[in-house]
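What follows is a set of notes on a single structure, which appears directly below.
Atoms considered below: every heavy atom in the structure, side chains included; atoms not considered: hydrogens, waters and symmetry mates.
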Amino acid sequence: MADSKVAPFDWGSHPPYDYPGYRSTAKRSPRAALLPMPERMRNMRAPVYGADRLGALDHDLTCNAVKNGAPLGERIIVTGRVLDERNRPVANTLVEIWQANAAGRYVHKGDQHDAPLDPNFLGAGRCLTDADGVYRFLTIKPGAYPWGNHPNAWRPNHIHFSLFGDWFASRLVTQMYFPGDPLLAFDPMVQGVPEAARERLVSRFSPDVTEEGHALGYVFDIVLRGAAETPMENRR
């Protein structure tokens, strides 16, 4: 960034630490006052990641785990810009994603959903933003899955995002959703976000990003700070 000043954190854009509709936050949320961060730490900077740490296929989830063929499901392109509080691009920021496969199952021992695993889909990828703050992934649209929070609870289709750049204020963990998903209105993680900020978590379909005969395109811009900042993930 050209200067070290950081906009104040906008608590009104983020979910509360304890949201009754999301039952596990009752155990995960803090019960004591948060410790104030020393002023000197707010603008700490350190180069952490470089292009040499990434593999050639890390951004392509349709290829980075292929063993016997392409993964099953609808191919999608997910792209967007990472911006700061002054609408400036944030270059060389590490963007990581993880997600369920097309059947709604993660490659993780903790996921015991009886949907099938896909041997050709790892469900994780990463890339660096370019000079214009742009990232791009090719992946499979994730499926919905049951999660036991309340009767007949299903998570909407979503992709987890983690951003970790070269300074303290660039850290963000959040989720991206898809337009028109009927489960959004019933999901406590989404509904726990203040209403005015919820749409910032929903990507938009883009014919311009879509590649004819190959993959549908979605745009998800991420703002790290300020009045238009992207809400954080409600996982405490």
Side-chain angles (χ1 to χ4, degrees), residues 49 51-82 93-130 134-149 153-164 172-184 187 189-190 201-222 230 233 235:
Y49 300 102
D52 59 320
R53 302 286 186 94
L54 274 66
L57 296 176
D58 282 1
H59 70 288
D60 188 346
L61 282 68
T62 69
C63 292
N64 65 7
V66 169
K67 297 179 181 179
N68 299 304
L72 299 174
E74 176 188 336
R75 286 189 298 263
I76 60 172
I77 297 163
V78 177
T79 187
R81 299 181 74 201
V82 179
T93 288
L94 181 72
V95 182
E96 299 175 305
I97 64 171
W98 64 98
Q99 62 170 93
N101 64 21
R105 187 168 178 185
Y106 291 92
V107 181
H108 191 282
K109 63 182 181 180
D111 188 347
Q112 297 300 308
H113 181 28
D114 62 0
L117 287 169
D118 187 338
N120 296 313
F121 189 70
L122 177 64
R126 60 183 183 170
C127 71
L128 287 177
T129 57
D130 65 15
V134 175
Y135 70 89
R136 184 181 185 278
F137 292 100
L138 179 62
T139 185
I140 298 296
K141 188 173 183 179
Y145 57 83
W147 65 301
N149 182 77
W154 290 76
R155 294 262 24 241
N157 304 334
H158 63 280
I159 296 176
H160 298 265
F161 274 73
S162 169
L163 289 88
F164 207 155
L172 176 68
V173 178
T174 189
Q175 297 183 23
M176 183 203 90
Y177 299 91
F178 293 86
D181 190 331
L183 293 175
L184 293 174
D187 185 72
M189 288 195 202
V190 175
L201 295 175
V202 181
S203 61
R204 60 179 176 84
F205 170 71
S206 173
D208 295 330
V209 174
T210 295
E211 294 185 359
E212 184 174 359
H214 183 63
L216 295 179
Y218 293 88
V219 174
F220 183 57
D221 293 328
I222 299 169
T230 302
E233 180 179 78
R235 284 182 177 272

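- Listed here is the closest heavy atom pair of A103 and A115: O-CB, 3.4 Å.
- For the pair L61/L122, no side-chain contact is recorded, criterion being any heavy-atom separation below 4.5 Å from C-beta on.
- Scanning all heavy atoms of the two residues, the minimum distance from L183 to R155 falls at CD1-O, 3.7 Å.
- Shown here for A100 and P142, the closest heavy-atom pair between the two residues is O-CB, 3.4 Å.
- Q99 places a side-chain N or O within donor-acceptor distance of the main-chain N or O of I140, the cut-off being under 3.5 Å.
- Applying the salt bridge (charged side-chain N to carboxylate O under 4.0 Å, His left out) test to every pair with at least one member in residues 55-72, sequence neighbours left out, gives these pairs: D58-R126.
- Side chains of T129 and V95 form a contact here, defined as non-hydrogen atoms less than 4.5 Å apart.
- Atom OH of residue Y218 and atom OG1 of residue T210 lie 7.5 Å apart, to the nearest 0.5 angstrom.
- One finds the CG atom of N120 at 11.0 Å from the CG atom of N101 (value rounded to the nearest 0.5 Å).
- Of all heavy-atom pairs between G73 and A102, the closest is CA-CB, 3.7 Å.
- We find the CG-CG distance between D181 and N157 to be 5.0 Å, quoted to the nearest 0.5 Å.
- Using a 4.5 Å cut-off on side-chain heavy atoms (C-beta onward), L201 and V190 make no contact.
- With a 4.5 Å cut-off on side-chain heavy atoms, I159 and F178 count as touching.
- Using a 4.5 Å heavy-atom threshold, the side chains of R75 and E211 count as separate.
- Without hydrogens or angle criteria, D118 side chain to L72 main chain gives a donor-acceptor distance under 3.5 Å.
- Contact between E74 and L216 at its shortest, heavy atoms only, is OE2-CD1, 3.0 Å.
- Expressed to the nearest 0.5 Å, how far NE2 of H158 lies from CG of D187 amounts to 8.0 Å.
- Nearest approach of L138 to A215, heavy atoms of both residues: CD1-CB, 4.1 Å.
- Between the OG atom of S162 and the CD1 atom of I97 there is a distance of 11.5 Å, given to the nearest 0.5 Å.
- In this structure, CZ on R204 lies 12.0 Å from CZ on F220, to the nearest 0.5 angstrom.
- Within the 4.5 Å cutoff, no side-chain heavy atoms of V173 are placed close to those of H160.
- Looking at V78 and Y135, their side chains come closer than 4.5 Å, going by heavy atoms from C-beta outward.
- A 4.5 Å side-chain heavy-atom check between R105 and F121 finds every atom pair outside the cut-off.
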